[in-house]
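What follows is one structure encoded as structure tokens, with my remarks underneath.
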Amino acid sequence: MGVSKDGQPVPPGLLKVLDGTVDLHCHSGPSPFPRRINHVEASYDAARIGLRALLVKSHHHNTVMDLLAMGPWLKEAPTPVYGGVALNSEVGGINPSAVAMSLRMGGRCVWAPTVSARQHIEHHSHEHGFPTSGLDLLESEVSVFDDSGSVSAQTEQVVEVVADASALLTGGHLDAESMKALFTVAVAKGVRRLLVQHPDFIVGASDGDIEELLRMGAYVEHEIAMYHPGVPKPGWPIEQLVRWIECVGPERTTIGSDLGQQGNPLPVDGYIYIVQRLLDHGVSEKDVRRMIAGNPAYLLGLEDSPS
């Protein structure tokens with residue numbers, strides 16, 4: 001029987017639902033932001049409830065290189081860990097070379113600008129609970145557009161590399177209009193795996209925006225950190241997540257932890273908490289498994305289709 005970090009046993013029925021979970025939003029370290037665990041520790045901890053895989057995210061660097069450096073330790077670790085690159089100023093922004101290196105060395109995901117997106121910069125200046133590094137990283141704004149207002153040639157080249165690798169492309173922290181422009185080009189270039197993350201946190205997507213993005217084939221990810229009582233902000237009620245699931249449908253919804261930060265619950269404990277809460281609020285086991293296992297396994301490239 002699995003246990004939560006406080007030593008409490010996880011009921012067998014809940015463990016059965018959790019088995020095979022894929023976390024597309026694990027914030028293990030290293031990172032300029034303080035992290036509670038590193039990638040190797042995250043892999044071992046994930047085994048407590050039988051996670052199938054982790055995708056580790058950094059806002060500041062290509063996590064594939066972390067995993068290659070940790071290879072001797074990850075080889076013996078129980079849960080496969082995958083990486084990718086976020087297109088912030090630390091990697092040169094919209095940088096096709098950085099994307100090619102990450103994906104061709106084993107990466108599975110490219111995040112559109114997050115901390116370098118204008119939407120993030122404007123929201124972060126008003127204090128929305130986002131972590132800080134304490135370091136001056138000389139960050140600058142990154143856009144998917146050129147000076148004429150069109151999607152830039154570099155962005156198109158990035159999308160082509162993503163399509164060739166059958167990798168996952170997320171909208172990062174772009175505003176909805178920028179994300180729609182990016183995804184329009186992505187679909188035209190053959191990208192099949194598209195993900196919108198926390199549409200109501202920083203991104204600020206409307207219901208109409210989400211409908212447009214769904215028509216493009218995108219999935220919508222909601223983050224456990226937004227709903228967990230152990231995370232100070234934003235502290236949303238579980239009913240908000242249930243409404244999102246009802247609106248979008250479990251067929252196009254994923255649930256990632258967005259955990260691993262110092263001071264926050266571990267990703268595994270986040271899943272234990274949120275899945276039980278969803279079941280308590282009437283979400284079926286089948287739908288929960290689609291959102292935590294089937295859909296994210298497809299987006300990570302572990303399956304050819306969601307199930």
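Just the heavy atoms: all of them, side chains too, but no hydrogens, waters or symmetry mates, feed the values below.
- Taking the side chain as every heavy atom from C-beta outward, L15 and I49 approach each other to under 4.5 Å.
- In terms of heavy atoms, E223 sits closest to Y227 at O-CD1, 3.4 Å.
- Comment: R48 engages D45 in a salt bridge, judged by a side-chain N to carboxylate O separation of less than 4.0 angstrom.
- The side chain to side chain donor-acceptor pair (under 3.5 Å) pairs that include a residue from residues 74-88 are N88-T114, where partners are two or more places apart or lie in different chains.
- The closest donor-acceptor contact from the side chain of Q240 to the backbone of P237 lies at 3.5 Å or more, if one exists at all.
- Ring orientation note: the planes of H120 and H59 are tilted relative to one another, at an angle of 30° to 60°.
- The neighbour count for D280 CG, taken as heavy atoms of other residues, nucleotides or ligands under 6.0 Å away, is above 12.
- Side-chain atoms of P199 and H222, non-hydrogen and from C-beta on, do get closer than 4.5 Å to each other.
- Shortest non-hydrogen contact noted between S89 and V142 is N-CG2, 3.8 Å.
- Not counting sequence neighbours, W73 has no partner by the ring-ring contact (aromatic ring centres under 6.0 Å, His included) test.
- For D209 (side chain) and S206 (main-chain N/O), a donor-acceptor pair under 3.5 Å exists by modelled atom type.
- Checking E141, E139, H173 one by one against I121, the side chain to side chain contact (heavy atoms under 4.5 Å, CB included) holds for a single residue, E141.
- Looking only at side-chain heavy atoms (C-beta outward), P229 and Y273 come within less than 4.5 Å of each other.
- The backbone N or O of V17 lies less than 3.5 Å from a partner atom in the side chain of R289, making a donor-acceptor pair.
- E160 places no side-chain N or O within donor-acceptor distance of the main-chain N or O of K189, the cut-off being under 3.5 Å.
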### Audit row: R104, V161, side-chain contact (heavy atoms from CB on, under 4.5 Å) steps and yes/no
CA-CA 9 Å; R104 291 168 185 173; V161 176; 4.3 Å; yes

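- Between the R193 side chain and the Y298 main chain, a donor and an acceptor come within less than 3.5 Å of each other.
- Of the listed residues (V110, T63, V64), just one forms a side chain to side chain contact (heavy atoms under 4.5 Å, CB included) with V85, and that residue is V110.
- Proximity of a side-chain donor or acceptor of N95 to a complementary backbone N or O of V91 within less than 3.5 Å is detected.
- Considering D258, I255, L54, L55 as possible partners of L24, the one that fulfils the side chain to side chain contact (heavy atoms under 4.5 Å, CB included) test is L55.
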### Task
Begin with the C-alpha distance, continue with both residues' side-chain angles, and end with the deciding distance and a verdict on salt bridge (Lys or Arg N to Asp or Glu O under 4.0 Å) for R52 and E303.
CA-CA 12 Å; R52 180 178 179 184; E303 303 289 348; 2.9 Å; yes

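- With respect to R215 and E212, no salt bridge is recorded, no charged nitrogen being found less than 4.0 Å from a carboxylate O.
- Side-chain atoms of M105 and M65, non-hydrogen and from C-beta on, do get closer than 4.5 Å to each other.
- Scanning both residues, R108 and A167, for their nearest heavy atoms gives O-CB, 3.6 Å.
- For the pair A53 and L302, the tightest heavy-atom approach, listed with the atom from each and the gap, is CB-CD1, 3.8 Å.
- Annotation for Y271 and L18: closest pair O-CD2, 3.8 Å, computed over non-hydrogen atoms.
- A salt bridge is defined here as a Lys NZ or Arg NE, NH1 or NH2 lying under 4.0 Å from an Asp or Glu carboxylate O, and R118 with D175 fails to meet this definition.
- Looking at T155 and V185, their side chains never come closer than 4.5 Å, going by heavy atoms from C-beta outward.
- Here the side chains of P96 and V158 are in contact, with some heavy-atom distance below 4.5 Å.
- Between L174 and Q119 the shortest side-chain heavy-atom distance does not fall below 4.5 Å.
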### Query
Run the side chain to side chain donor-acceptor pair (under 3.5 Å) check on H61 and D66 step by step: do they pass?
CA-CA 9 Å; H61 69 282; D66 295 346; 2.7 Å; yes

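- In this structure, the side chain of D23 engages the main chain of S257 through a donor-acceptor pair within 3.5 Å.
- The shortest side-chain heavy-atom distance between S143 and I94 does not fall under the 4.5 Å cut-off.
- A side chain to side chain donor-acceptor pair (under 3.5 Å) check over residues 242-251, counting only residues at least two apart or in different chains, returns the pairs D200-W244.
- A donor-acceptor contact shorter than 3.5 Å is absent between the side chain of R290 and the backbone of T253.
- Formation of a donor-acceptor pair under 3.5 Å by the S102 side chain with backbone atoms of A98 is not found in this model.
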### Task
Show the numbers, then the answer: is there a side-chain contact (heavy atoms from CB on, under 4.5 Å) between L278 and I245?
CA-CA 10 Å; L278 289 175; I245 294 168; 3.9 Å; yes

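- Closest approach of P113 to A117, counting heavy atoms only: O-CB, 3.6 Å.
- In this structure a side-chain-to-backbone donor-acceptor pair under 3.5 Å is present from H281 to R277.
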